[in-house]
Amino acid sequence: PPLHADDAIRDCLRGLVGSEMCIRDSLLEYADLRANRDFYWSQTDVETYIAEAFHGAGDVNKDSVIDIRDVTAIARALGTDELLLRQEAARIGIEASGVSFTVYSEGSGIDRPWPFDIVPRVLDRAEWDRMEAGLLQRLKALNAFIADVYGEREILEAGVVPADPILGSLSFREECVGIRPSHDVWAHICGSDLVRNSDGTVYVLEDNLRTPSGVSYVLENRLITKQVFGELFDQHSIRPVDAYPDRLHRILASLSPLENPVVAVLTPGIYNSAYFEHSFLARAMGVPLVEGRDMFVDDDDQLMLRTVEGPIRVDVLYRRVDDLFLDPEVFRADSELGTPGMMRAWAAGNVALASAPGAGVADDKVVYTFVPDMIRFYLDEDPILPNVPTYRCDNETDRDHVLANLEQLVVKPANESGGYGIVVGTAATGDELHECAERIRAQPRNWVAQPVLSLSTVPTLCDGVLEPRHVDLRPFT
């Protein structure tokens, strides 16, 4: 059964965690109070879940990948009590640190502690290097594409990518045509989703360029892991991640010609699902966390931040607000999240926005299908990381195939993120599939479909049982 402490013990532990004592040490007395129970290992044949150890064609590469069986062996060596103790330590540490995320349900926001499993997912350095090279290649091509779309449109003129799906994207911003941001870079941070199929192939599932979230959880996860699994870092050479805030700040500061620019993080406010991350990154970088109402644009088209000591100029804004809410003078007039005149200040070169408005045209899921062509066109290279095979519903042949095979496909809205609006054919009811088909017929440009992949799994501690769970990976480039 799962581990549950009574309220009195839990209150005691919270007090200990709040002191200078190590989280793990604070649980030692509690360990003596736990009932002695056997750790139940699932009888599922673990060897059927070793896709994480495959590099294609079903061959296990022992020299470059740590097999899942090695991870389970480590867990087994630690034993029942120690694993449960450390899982509880991690949970308490996350709760004490206030690491949370918001789930929107029936119109209300529910703030929940971040779920964290202590059994690590292991990526070998050689494989990670390949992923890293593929992601850098991809982001370079995506930036070239965005600059081209808002500039000369050479890729459209060459017929490599058709114009209609691009210029008809809901994320294409006519207001950005002709603007050249600092260094000609539009997308400064990309959160890509990578998945591994059962044959070992690592695919890029999607690109997130507008306001990608999740890196704060990467940093907090690593911090908690060091506290509850410190010996892993003594025994293995694990690449650090804690320099991310400093690197992010350097990238943002480089967008301004000033030696010491004023950088700020723009948040929609406390009710946004990623507000924890916004505040975390602002604090980690040592910069102001601001809302749109905290700023104004002066007569010289400079973005100014109101402070108790008077207005100060903002030189670089890491914005976590969607395009349409940035400036009510240009986009949605009813927006209360942005600052009137912000687009004027950006177009005049007086403030750098990261990522730039309009960058979302490249993470449209219809546009995603053309990324391999972009890599070949702009870089004259073959893609290192492949796309998941994708059907565009605005293409008649693809649409007919999708409508005839809905129950075997995953159907996605082209401009949504966070999993919203997705229909998984294998899990959908007949009514849901019928409704999905009607939506595709009504607005085919807004839908794509992909095959259901047999995703790789990793061992995960679930209610006292080590179970296989499907995983994806979101690196930040």
- Query: Do you know which two heavy atoms are closest between L209 and A359, and how far apart they sit?
  - Reply: CD1-O, 3.9 Å

- Task: Determine yes or no for a side-chain-to-main-chain donor-acceptor pair under 3.5 angstrom, with T339 supplying the side chain and M342 the backbone.
- Result: no

- Look only at the side chain of R121 and the backbone of D472, and say whether a donor-acceptor pair between them is shorter than 3.5 Å. yes

- Item | Heavy atoms of other groups near D380 CG, more than 12 under 6.0 Å | no

- Item | Donor-acceptor under 3.5 Å (N387 side chain, Y368 main chain) | yes

- Task: On the 0 to 90° scale, with breaks at 30° and 60°, tag the W186-W346 ring pair as parallel, tilted or perpendicular.
- Result: perpendicular

- Query: Which of parallel (below 30°), tilted (30 to 60°) and perpendicular (above 60°) describes Y275 and H278?
  - Reply: perpendicular

- Would you check if the side chain of T460 reaches a backbone N or O of V458 as a donor-acceptor pair within less than 3.5 Å? yes

- Task: Classify the ring geometry between Y244 and F476 as parallel (under 30°), tilted (30 to 60°) or perpendicular (over 60°).
- Result: perpendicular

- Task: Decide yes or no on salt bridge (Lys or Arg N to Asp or Glu O under 4.0 Å) for D193 and R474, but give the supporting numbers first.
- Result: CA-CA 5 Å; D193 289 339; R474 173 168 287 191; 2.8 Å; yes

- Give a yes or no on whether E152 atom CD has more than 12 heavy-atom contacts from other residues, nucleotides or ligands under 6.0 Å away. no

- Are there more than 12 heavy atoms of other residues, nucleotides or ligands under 6.0 Å from atom CZ of R293? no

- Message: For E132, I'd like to know if atom CD has over 12 heavy atoms of other residues, nucleotides or ligands within 6.0 Å.
- Response: yes

- Tell me, with the steps shown, if T267 and R319 meet side-chain hydrogen bond (donor to acceptor under 3.5 Å, both in side chains). CA-CA 7 Å; T267 177; R319 55 106 177 183; over 6 Å; no

